[in-house]
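Structure, as C-alpha cells:
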Amino acid sequence: MQFKNTLDFAKELDAEDKLSSYRDQFIFPQHEGENVIYFTGNSLGLQPKSAKKYVDEIMTDWANLAVEGHFYAEKPWWDYHERFSAKLAKVVGAKPAEVTVMNTLTVNLHLLMVSFYRPKGKRYKIICEEKAFPSDQYMISSQVRFHGYDPEGAIVEIKRHEGENNFRTEDILAKIKEVGEECALVLIGGVNYYTGQVLEMETITKAGHEIGAFVGWDLAHAAGNIELNLSEWNVDFAAWCSYKYMNSGPGNASGCFINEKYHNQKDIPRFEGWWGHSKERRFLMEPEFQPENGADAWQISNAPVLALAPYLASLEMFEEVGMPALIEKRNKIVAYLEFVLHEIDKEVDSTFEIITPAKQEERGTQLSVFLHGEGRELFNYLMKNGVITDWREPNVIRLAPVPFYCSFEDMFQFGQILKKGILEKSK
Ligand SMILES: Cc1ncc(COP(=O)(O)O)c(C=O)c1O
C-alpha cells in the first residue's frame, strides 16, 4: 500500500480499521482536553473500561459474602485463576493445561529456574543475551551464585556485532553450539525490550535442545504483541508479565507456560504450595502434596483475585478480537509509523535512526528510535505536547502503537509534533 503523510489519509486508514471501535473501550490520559498519543503500551497498557467492573464485582462479593466469596462469589475465588488458562493459551500458542497465572514475572522466572536450572557436573552454564533487561540479569546472576558458581564463568552472553543494534540468529546458534554440553539453560528475552527485535524462538529452542539444554523465554514484550506458538516450538518454559500489551494494570500478575512433557514428572522439582495441590483435595488439608494437573501444579499461594480481575477483563477482549486481527493491524500501523518517521526525516534536518529491524517478521509493535544529537530535549518536548513515550539510556525513545487503542491519526499527529519539536530545537 502506498502511504501518505496526510491527515486525510490517516483518517481513511482509521475508517478502514476493523478494530477502531476498541479505542473507545480504553481510558486515555488527557492532554489539553484530548486523548494523549500513547506509545507506552509496551511498558504499561491503558486501562480497559471494563476493568473497573471486574474489580467492583469482587469488592461487592467481598462486602456481601466475606469468606464465603471463595465458593459463592459471582466468580468464585478459589478457582478464579483457572479462568485464564484457555484464553491465555490462545494468546501464546499453547494447550490450556500448559498455561497458568500466578505471582509476578521475575518471581516466576526464579521459580521456573528451580525446575529448569539444575546445574550438574560440567553442565552448569546459562546462555542469555547481552544487556538483557536488568531484572533478568540480576535473576540469572543470583541463581548462578545460589548454586555456588561464579557468574563470570557460568553466564555466557550472546553479543551483537560492533556497530550493530540487533542480534544475528547465526551468532546465537554458534554460541549455543560452542558452549555445547556445558550449557544447562538457554534463557533469553523473546522480544528485546530495548530494540523491539523478535528473535527466532523456534530455531533457537531447537538448537538449545540439540546440545541437551533446557530452553526458556522471557516473553514480557512478546505476550499480546506477536504470534507465539510455544507448544509447537517445543519451548520448555516461558513467563511474561501482563501489564504491558495485556493491559492488566500496574505490576500485575505473570503468566507462565510449562511444556506438558514436564507435567507430573517426578524428576522435575519445583517449590510447592497449597494452590498447586490437587484441587479436589486442596481443602482436605492433607500432609502430602498431590500436584494438580498441568502448569497449575506450579501454583503456590491462593490467587490475588483483586489483582487478577482487571487482567481477566482485558483477556476477554483478547478472546473477542484474537491475536490474528491484532497482528494484522499491528503490521499496518507500525509500517505507517515507520513511514511517517521517514517522511519527517526528509522534511527536517534530523538525525534520528530507527534501530528496530525493518523486516516485519523481526519486529512486533515497538519501534525504537535512536535520537542522535537530538536527545532528551526532544523527548521532553514530545511529553509536554501530549505524546507519551519513554526514554531509555543513552538516547532512545521507544514507540509502541498498540493495535487495540492507537489510531492511524495518532501516527500522523505524532509526526507533526515531532517535526515541530525538531524545528523548534534548531531555531
Ligand atoms: C523483559 C523484562 N523482563 C523482566 C521484567 C521485570 O518484570 P517484573 O517487575 O514484573 O518482575 C520486565 C519489566 O518491564 C521486562 O521488560
Side-chain angles (χ1 to χ4, degrees), residues 38-46 84 88 91-92 100-114 116-117 126-143 155 157-158 160 165-167 172 185-199 201 204 215-226 228 230 235 237-257 271 298 300-301 303-304 307-308 310-311 314 355-356 363-368 388-393 396-400 402:
Y38 196 73
F39 277 128
T40 39
N42 57 348
S43 186
L44 180 68
L46 290 181
F84 289 76
L88 258 183
V91 174
V92 298
T100 195
V101 170
M102 59 186 194
N103 313 309
T104 44
L105 174 55
T106 311
V107 171
N108 280 343
L109 287 172
H110 273 299
L111 291 173
L112 289 166
M113 284 178 85
V114 168
F116 297 104
Y117 178 55
I126 299 180
I127 297 179
C128 61
E129 75 277 40
E130 68 171 350
K131 295 189 179 154
F133 189 82
S135 195
D136 288 4
Q137 294 185 44
Y138 311 147
M139 185 254 312
I140 291 173
S141 178
S142 63
Q143 282 279 342
I155 301 174
E157 289 187 344
I158 297 150
R160 298 169 176 91
N165 297 307
N166 293 295
F167 296 102
I172 302 175
L185 173 66
V186 178
L187 178 54
I188 309 180
V191 176
N192 187 269
Y193 84 97
Y194 190 75
T195 61
Q197 180 187 13
V198 176
L199 295 187
M201 285 181 251
I204 296 166
V215 182
W217 294 96
D218 174 347
L219 299 178
H221 285 264
N225 174 17
I226 64 166
L228 294 165
L230 300 181
V235 163
F237 70 94
W240 55 94
C241 52
S242 57
Y243 42 79
K244 299 178 189 296
Y245 295 105
M246 303 291 309
N247 311 316
S248 72
N252 214 339
S254 159
C256 294
F257 165 88
F271 287 168
W298 273 256
I300 295 180
S301 293
L308 293 185
Y311 192 2
S314 168
I355 61 171
T356 305
R363 69 187 187 194
T365 307
Q366 176 180 325
L367 290 184
S368 297
I388 310 287
T389 168
D390 72 6
W391 175 265
R392 285 290 175 267
E393 294 295 340
V396 163
I397 56 168
R398 301 184 306 169
L399 308 169
V402 173

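Each ligand, and each atom within it, is numbered from 1 in the order the structure gives.
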ring-ring contact (aromatic ring centres under 6.0 Å, His included) with [X]: which residues, sequence neighbours excluded?
X	value
Phe167	none
Phe39	Phe414
Tyr194	none

Worksheet item: Side chains of Thr195 and Asn165: donor-acceptor distance under 3.5 Å anywhere?
Response: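 Looking only at side-chain atoms, Asn165 and Thr195 do not form any donor-acceptor pair under 3.5 Å.
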
Worksheet entry | Donor-acceptor pair between Ser242 and Asn252 side chains, under 3.5 angstrom |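 Distance-only check fails for Ser242 and Asn252.
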
Worksheet item: Taking atom CD1 of Ile126 and atom CD1 of Ile188, what is their separation to the nearest 0.5 Å?
Response: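 The CD1 atom of Ile126 sits 11.5 Å away from the CD1 atom of Ile188.
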
Every pair of nitrogen or oxygen atoms between ligand 1 and the protein that is under 3.5 angstrom apart - can you list them with their distances to 0.1 Å?
{"residue": "ligand 1", "atom": "3 (N)", "partner": "Asp136", "partner atom": "OD1", "Å": "3.4"}
{"residue": "ligand 1", "atom": "3 (N)", "partner": "Asp218", "partner atom": "OD2", "Å": "2.7"}
{"residue": "ligand 1", "atom": "7 (O)", "partner": "Tyr243", "partner atom": "OH", "Å": "3.0"}
{"residue": "ligand 1", "atom": "10 (O)", "partner": "Tyr243", "partner atom": "OH", "Å": "2.6"}
{"residue": "ligand 1", "atom": "11 (O)", "partner": "Thr106", "partner atom": "N", "Å": "2.8"}
{"residue": "ligand 1", "atom": "11 (O)", "partner": "Thr106", "partner atom": "OG1", "Å": "2.5"}
{"residue": "ligand 1", "atom": "14 (O)", "partner": "Lys244", "partner atom": "NZ", "Å": "2.7"}
{"residue": "ligand 1", "atom": "16 (O)", "partner": "His221", "partner atom": "NE2", "Å": "3.1"}
{"residue": "ligand 1", "atom": "16 (O)", "partner": "Lys244", "partner atom": "NZ", "Å": "3.4"}

